[in-house]
Amino acid sequence: MSEVLVLVESVDGVLRKVTGELLTAAARIGTPSAVVVGAPGGAQALAAELGALGAEKVYAAESADATTYLITPIVSALATIAASAAPSAILLAATVDGREVAGRLAVRLDSGVLADVVDIAADASATHSVFGGSYTVQAKVTKGIPIITLRPNSVDATPTAAAGTVVPVEFSVDAATSATIVAIHTEPAGDRPELGAASVVVSGGRGVGSAENFPVVEHLADALGGAVGASRAAVDSGYYPHQFQVGQTGTTVSPQLYVALGISGAIQHRAGMQTSKMIVAVNKDSDAPIFEISDFGVVGDLFKVAPQLTDAVNARKGS
Amino acid sequence: MDIVVLVKQVPDTYSERKLREADGILDRDAADAIIDEIDSRGVETALQLTEANGGEVTVLTMGPDRATEVLRKALAMGAHKAVHINDDALAGSCAVQTSAALAAALRTLKFDLVIAGNESTDGRTASVPAMLAERLGLPQVTFARSIEVDGSTLKVERVVDGGYTELTSPIPAVLSVTEKINEPRYPNFKGIMAAKSKPVTTLTVADLGLAADEVGLANARTTVIEAAPRPPRAAGTKVADEGEAGSKVAEFLAASRLI
Ligand SMILES: Cc1cc2nc3c(=O)[nH]c(=O)nc-3n(C[C@H](O)[C@H](O)[C@H](O)COP(=O)(O)OP(=O)(O)OC[C@H]3O[C@@H](n4cnc5c(N)ncnc54)[C@H](O)[C@@H]3O)c2cc1C
Ligand SMILES: Nc1ncnc2c1ncn2[C@@H]1O[C@H](COP(=O)(O)O)[C@@H](O)[C@H]1O
């Protein structure tokens, strides 16, 4: 079976969950090979874990430059490995970096790219969910090595352990045509689950009224063990940070339960949450469009309803 | 500082967007077509940079006849001239092909910066700017939430999953902006009138020196196998709060085994 390359994503030496999801998807197509691009020693440190997640080989594309320049070292490393390994597909996470690497690589390898897919089949065709889940589209790459970016949390990692043999790779970086990374700032993840992966999301909109009021949303999220989200209006009004925006131009979520507090349900907000299994909305306007897609809607004041719900949830947990 | 801004005409996200039944490609006639909001932010960025540093703003689009509307919009905002890649042969191009056509047009233009949106609301590949950097051999400085020009150096904060990174880059470069970069100005009456007489150059596949068997739907690098609409969601129960709704929601969640 031919190799399938998976670009490993990690933060401070810790694998991102999506890496396991990618290795599982890769195993459907061929033999998964993990590719680690970074500072020397990183691949060796991750090799056992990557093997356990299904990687037969762990390519170590390592140099001091690899973390200094933006995107181009990764493109160069993957292109170098692709030239010798002739993989049947290259899979990456549909993150900011992953999608940009995929695009450049498709140009360099003269092939095609499927972006932000939610499923991958054995023949390297893939499924997109477009317009906020209004359509499901099956597509394939018709020229060259298929390059595919997978949306995190769409495929369950079900690994079959493999060797995880480290294979060093020589590659070059063109510093002159690259931007330099001066500093990396990681937002503290906190105790709450990651927004895109959470099984419960509680979001607040403009109806929350202020940053000072946002704990009403957080308390309910914490009672339910969920993540906190926000509408664009809430973010733009400074109530909550940008990385928590749900919608067309924010994060797409598909949890078991989505609770919308003081959110009208504009089409661009719905695009990021309408595939949630269960939707509960609280809005004082009985004509708010959010009710059109809610399984349970409450016409009322969120400052009365949400605390009562929080208490009721906590009480049930206590009993 | 001369800047080329990439602007794309997209179906208005406020209207219902559809795929064509025959080939699963975006139905551009089904919805109102507008300048992608993110690209109007790109135009605003360019106008602010040239207002501070001098230079001209050229807007570039690839699209059918009606895409001229978005060029006029950008010209009305204050851009100086426009270039329209317009050729039936390009219809149905994938992102890789689109980037080839845009890069070919960019090679005919003089610029210090190319500015694009980070992600279009219809294509959503979020990779055309990176592809352009690859094709043009320029640094990519993408997903910017803030930009500073210091002589011939750019300083940018790049938004990434779980945080942000600080970047520096020499100019020329390919820049892309995220939606929190600025609020785009509205064209005023004077701007709209002035736009009517600003130059718009049209380029065809032949003008760009692209081979006809490399562009368009028939030669796209990706193809749709099947597209199916998802059944719309139905509304469920709706209650008015009479002091007990919070507890009712809790009962509903418990009955649904969610708590
Ligand atoms: C290109 C584009 C991309 C966009 N991307 C996104 C996106 O990613 N995410 C997104 O969310 N939006 C996005 N939008 C914006 C979207 O169109 C809406 O403007 C936004 O979703 C509105 O947010 P909201 O519902 O919080 O505010 P509003 O529409 O102002 O709604 C506030 C709601 O709160 C209710 N309310 C007020 N007080 C109370 C109270 N005390 N109790 C209960 N209810 C109360 C009101 O009845 C109202 O329904 C985008 C728009 C465009 C053009
Ligand atoms: N056909 C096009 N014409 C002009 N600019 C485009 C076109 N397609 C993409 N772009 C630019 O590339 C950005 C990112 O698009 P995408 O990679 O499709 O998400 C857009 O915001 C535009 O600035």
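FYI, side chains are in, hydrogens and waters are out, and symmetry mates aren't considered; it's all heavy atoms of this structure. It should be emphasised that the depicted structure is a prediction, and the values quoted were computed from it without experimental measurement. Below, chain A is the first sequence line, B the second, and so on; all start at residue 1.
- Interface remark: B:E179 contributes side-chain atoms only to the contact with chain A (heavy atom separation under 4.5 Å).
- By the 30° and 60° cut-offs, the orientation of the rings of B:F252 relative to A:F296 is tilted.
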Q | B:E166 vs A:H185, side-chain contact (heavy atoms from CB on, under 4.5 Å): CA-CA, chis, key distance, verdict | A | CA-CA 8 Å; B:E166 290 173 47; A:H185 303 265; 2.5 Å; yes

Q: Run the numbers on B:T121 and A:Q248 for side-chain contact (heavy atoms from CB on, under 4.5 Å), then give the verdict.
A: CA-CA 7 Å; B:T121 50; A:Q248 165 87 42; 3.4 Å; yes

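- Only the backbone of A:S134 comes within less than 4.5 Å of a heavy atom in chain B; its side chain stays farther off.
- In this structure, chain B has a heavy atom under 4.5 Å from the side chain of A:K304, while its backbone stays farther away.
- The parts of B:E251 that come within reach of chain A are both its backbone and its side chain, each placing non-hydrogen atoms under 4.5 angstrom from that chain.
- A heavy-atom distance below 4.5 Å is not found between the side chains of B:T237 and A:D295.
- Residue contact with chain B, scored on non-hydrogen atoms closer than 4.5 Å, involves the backbone of A:K277 exclusively.
- Heavy atoms of B:L19 lying under 4.5 Å from chain A belong to its backbone as well as its side chain.
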Q: Show your working on side-chain contact (heavy atoms from CB on, under 4.5 Å) between B:I259 and A:L224 and close with a plain yes or no.
A: CA-CA 7 Å; B:I259 53 172; A:L224 293 166; 3.4 Å; yes

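- Defined by atom type and a distance below 3.5 Å, a donor-acceptor pair is present between the side-chain atoms of A:Q245 and B:K180.
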Q.
I'd like to know whether A:V298 forms a side-chain contact (heavy atoms from CB on, under 4.5 Å) with B:V249, so could you lay out the CA-CA distance, the side-chain angles of the two residues, the decisive distance to 0.1 Å, and finally the verdict.
A. CA-CA 8 Å; A:V298 176; B:V249 175; 3.6 Å; yes

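- With values rounded to the nearest 0.5 angstrom, B:L253 atom CG is found 8.5 Å from A:R316 atom CZ.
- Residues B:M131 and A:E100 form no side-chain contact, since every pair of their non-hydrogen atoms from C-beta on lies 4.5 Å or further apart.
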